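See below for the structure under consideration.
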Amino acid sequence: MFLTPVVPHWPFYNLDTMFVRGLKRKCFDGEEDIEGTLAGIKAIPSYNLQRQSLLDMSLVKLQLCHMLVEPNLCRSVLIANTVRQIQEEMTQDGTWQMINTQSTGQASLDRLVSTDILCRSSREQAEGKHVPGYTTFNKDFEGDQAQDSSETMSTAPSVQVPRNLQSNVWEMENPQENKGNFQKSLDQIFETLENKSPNSVEDLFSEVDNSYYDLDTMLTGMMSNSKMGHCDGLETFSSPTATASNSNCKSDLNELDHIVEILVES
Amino acid sequence: MTECSARFADIISTVEFNHSGELLATGDKGGRVVIFQQEQENKTQSHSRGEYNVYSTFQSHEPEFDYLKSLEIEEKINKIRWLPQKNAAQFLLSTNDKTIKLWKISERDKRPEGYNLKEEDGRYRDPTTVTTLRVPVFRPMDLMVEASPRRIFANAHTYHINSISINSDYETYLSADDLRINLWHLEITDRSFNIVDIKPANMEELTEVITAAEFHPNSCNTFVYSSSKGTIRLCDMRASALCDRHSKLFEEPEDPSNRSFFSEIISSISDVKFSHSGRYMMTRDYLSVKIWDLNMENRPVETYQVHEYLRSKLCSLYENDCIFDKFECCWNGSDSIVMTGSYNNFFRMFDRNTKRDITLEASRENNKPRTVLKPRKVCASGKRKKDEISVDSLDFNKKILHTAWHPKENIIAVATTNNLYIFQDKMN
């Protein structure tokens with residue numbers, strides 16, 4: 001089993017293009033003033049779709065983090081926090097469940113909808129539409145909209161990571177902990193950044209949609225996996241710091257080649 | 001402003017003047033350090049300051065391989081900091097993600113000649129041919145600048161080092177990675193003290209990382225560190241050995257009307273710098289530069305918008321990862337002007353007294369050498385005036401992340417991806 005990065009193709013609506021074609025007005029104006037030659041551009045998508053799109057993009061970014069030689073921790077933390085925010089908001093306004101009914105698989109990813117709305121402030125959004133602005137997660141929220149947490153998670157068409165995590169990693173949770181599940185899925189992604197448990201990393205990608213593969217990314221994934229296979233559960237550098245020799249640790253290229261050979265063969 | 005520039009083989013990753021401003025050090029992605037030296041002032045042309053020429057080049061860090069994690073350690077130089085000069089030699093600290101090195105840069109302009117047992121080219125003489133004894137003498141030679149590593153501070157950071165800062169005691173320095181800050185003594189390489197640790201017991205709970213840290217320029221017990229959530233913590237090392245509890249927390253309350261999913265990301269602080277006076281500190285987040293009075297924690301005293309026209313583009317910038325770019329910022333020598341970089345090879349200066357600001361471009365095509373730089377303007381929306389550049393035609397691959405200001409004069413160093421520009425104020 002090897003890891004392959006999911007490299008989606010984003011034929012998305014370039015914000016620049018939107019402006020050039022005269023769609024400068026706020027999206028809430030509806031479609032009355034949309035100018036002619038909009039072949040290929042669909043009606044401006046809803047806030048929910050845009051938010052979903054952002055969520056998908058963020059998850060892909062996190063997945064790709066795993067592929068890198070050494071993920072940038074700051075970037076990963078910021079993306080993970082963004083995902084949490086979106087999930088909290090979606091759980092709060094009950095749209096988390098609506099993922100079931102949306103178009104599946106390829107479709108939503110093919111169309112990274114214009115996220116113009118997402119860039120606007122929450123106040124502007126509230127003026128135009130009855131969409132709750134971003135608010136902190138209400139802890140009293142019982143999650144009664146979410147029935148079987150596993151159902152909700154596993155049928156999320158484009159949110160593939162949590163589904164796999166859900167099915168493979170944990171016991172069945174109380175439905176009210178739907179949020180907690182997602183939180184844990186995020187945490188799991190996060191933990192794997194630490195290379196702590198190689199098994200969970202494999203689980204993450206065991207059911208990734210094949211349509212995103214191409215030869216290049218597969219090969220990249222193979223090399224990445226050979227690196228990922230060796231996890232470091234050790235915290236060898238806690239304080240006070242370990243002593244070290246003064247010697248300059250220069251890598252021996254021959255040694256390196258040898259090691260890479262071993263990794264690839266194994 | 002007049003200009004000179006140098007082209008680099010690799011991406012420039014850090015730029016730093018030394019304390020006198022005579023030397024300018026740059027680090028690049030290939031682990032090399034290139035030091036430029038200002039020419040001595042030409043007595044006959046007293047109206048122009050000396051140009052900067054290459055003084056020394058050396059390989060500071062090599063790529064390494066972490067066998068435990070099976071990960072490569074990049075040789076890219078993240079930061080360079082100069083020590084104040086104590087004798088004829090110069091010293092600087094350079095760091096990559098994991099290892100800090102103290103380099104000694106010294107000049108050699110004499111060499112001994114007239115050995116008894118060796119020829120001038122180093123070959124040993126046949127002892128039987130030696131019939132007289134002589135004392136070797138020093139004779140002048142072409143100037144040679146040598147760099148030698150004097151200390152190597154390794155194996156103290158699990159995460160990537162983002163900052164180093166030399167204490168005003170000139171004996172200790174700190175190094176900060178994503179989750180921890182260590183205190184070192186410049187003479188001791190096998191031991192360092194952990195002074196900040198924000199790693200949660202459970203990594204799953206990690207939501208915030210350290211992004212930059214700096215010692216106070218005058219108080220040797222005080223330092224600050226910034227976070228990815230837009231906060232700055234000031235710590236006093238006298239309070240406790242582990243400075244996990246801050247003395248002061250600087251944070252501006254979020255503007256609810258500007259809130260979006262990207263609010264946290266753009267609030268992440270990419271750089272923090274104390275003013276030379278030590279009374280203020282400056283932070284750089286994605287869209288703005290903020291000046292904080294150390295006596296006031298609840299909001300900055302000044303805020304300057306660097307490229308507010310990007311606020312409506314945050315989603316695109318998130319998609320192409322530009323939103324994670326870490327811009328640095330710097331003060332001029334008198335703390336009256338602050339400078340930072342932007343996209344399209346633009347950089348911005350803000351005059352704190354007059355409240356005027358200017359946008360300039362570091363590019364060879366658009367600026368003839370030795371001419372005054374033309375101010376630029378970005379048109380956010382609406383009708384674009386002549387000479388303005390529209391937001392949509394900005395090149396986001398041309399980013400100026402690193403800038404430096406001479407400590408005493410109006411000379412600035414601006415690094416684009418592969419080029420270093422040095423601009424000087426024309427003296428009247």
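Lettering of chains follows the sequences in order, A, B, ..., and the numbering in each one begins at 1. On a predicted model such as this, the values are computed, not experimentally measured, just so you know.
- Side-chain atoms of B:L206 and A:L73, non-hydrogen and from C-beta on, do get closer than 4.5 Å to each other.
- By the 4.5 Å heavy-atom criterion applied to side chains, A:V77 and B:E208 are not counted as neighbours.
- Proximity to chain A (any heavy atom under 4.5 Å) is shown, for B:S227, by neither the backbone nor the side chain.
- Inter-residue side-chain proximity for A:C74 and B:K326 is flagged as met; some heavy-atom pair is nearer than 4.5 Å.
- Side-chain contact between A:N72 and B:H160: absent, with no pair of heavy atoms (C-beta onward) separated by less than 4.5 Å.
- Taking the side chain as every heavy atom from C-beta outward, B:F262 and A:L54 approach each other to under 4.5 Å.
- Contact annotation for B:S268: only side-chain heavy atoms (C-beta onward) come within less than 4.5 Å of a heavy atom of chain A.
- Minimum heavy-atom separation, A:K61 to B:E319: NZ-O, 3.0 Å.
- No side-chain N or O of B:Y318 forms a donor-acceptor pair with one of A:T82 less than 3.5 Å apart.
- Remark: B:F261 CZ to A:E89 CD distance equals 3.5 Å, nearest 0.5 Å.
- The neighbour count for B:K229 NZ, taken as heavy atoms of other residues, nucleotides or ligands under 6.0 Å away, is above 12.
- Under the ring-ring contact (aromatic ring centres under 6.0 Å, His included) criterion, B:Y286 pairs with B:H307, not counting sequence neighbours.
- Atom CD1 of A:I79 is separated from atom CD1 of B:I265 by 7.0 Å, given to the nearest 0.5 angstrom.
- Residue A:Q85 comes nearest to B:S260 through the heavy atom pair OE1-O, 4.2 Å, listed as atom of the first residue, atom of the second, then distance.
- The structure places CZ of A:R75 at 4.0 Å from CG of B:D321, a figure rounded to the nearest 0.5 Å.
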